[in-house]
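Here the structure comes first, spelled out in structure tokens, and everything after it is commentary.
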Amino acid sequence: TPNGVGDSRVNTFEYQRLDKEFTQPVEFLQILSQENPLATLHELQHVYTVPEIYDLLEIQEARAFFQAEANKKEANK
């Protein structure tokens, strides 16, 4: 199952449903569905290795964590 932070985590049921319903791997969908994706579909299919794709997912989760922390600080002002 994919790693996640807070609300960005895809639960096992959702992951399995996405994996069955879409033609692209769920990991690609996780990267491509972001507001500012770290890679294009072409790059995911032809440029990056599997370990690099998981690195992108890790970076994406770090981004989400830091954004959530910044939002908390802003809300507490």
Side-chain angles (χ1 to χ4, degrees):
T1 62
N3 294 328
V5 173
D7 293 334
S8 66
R9 181 173 296 174
V10 176
N11 70 39
T12 303
F13 174 75
E14 290 169 332
Y15 181 85
Q16 290 172 348
R17 184 178 61 81
L18 289 172
D19 197 36
K20 288 178 184 175
E21 292 181 13
F22 292 97
T23 59
Q24 297 299 321
V26 173
E27 292 82 1
F28 287 15
L29 296 172
Q30 287 179 284
I31 292 169
L32 296 170
S33 65
Q34 296 299 303
E35 186 174 327
N36 296 305
L38 297 173
T40 65
L41 178 59
H42 174 81
E43 290 170 329
L44 293 171
Q45 291 173 328
H46 302 287
V47 176
Y48 292 111
T49 64
V50 171
E52 290 171 327
I53 290 170
Y54 282 98
D55 287 344
L56 291 174
L57 288 168
E58 205 173 319
I59 292 166
Q60 182 174 293
E61 292 302 323
R63 272 182 164 182
F65 173 79
F66 293 131
Q67 185 61 51
E69 290 298 308
N71 292 344
K72 285 180 193 175
K73 287 181 183 178
E74 187 64 32
N76 291 329
K77 283 187 177 181

Closest heavy-atom pair, N36 versus R63, reported as atoms and distance to 0.1 Å, is O-NH1, 2.9 Å
Distance-minimising heavy-atom pair for L38 and L56: CD1-O, 3.5 Å
Minimum side-chain heavy-atom gap Y54-E58 below 4.5 Å: no
Does the E27 side chain pair with the main chain of I53, one donor and one acceptor, at a distance under 3.5 Å? no
Test log, rule side-chain contact (heavy atoms from CB on, under 4.5 Å), inputs E74 and N71: CA-CA 5 Å; E74 187 64 32; N71 292 344; 5.6 Å; no
Minimal non-hydrogen separation, F28 against L44, with atom names: CZ-O, 3.4 Å
Nearest-0.5 Å distance, OH of residue Y48 to OG1 of residue T40: 7.5 Å
What distance separates Q34 CD from Q60 CD, expressed to the nearest 0.5 Å? 3.5 Å
Test item: Q24 and Q45 side chains (from C-beta on) under 4.5 Å apart, heavy atoms: yes
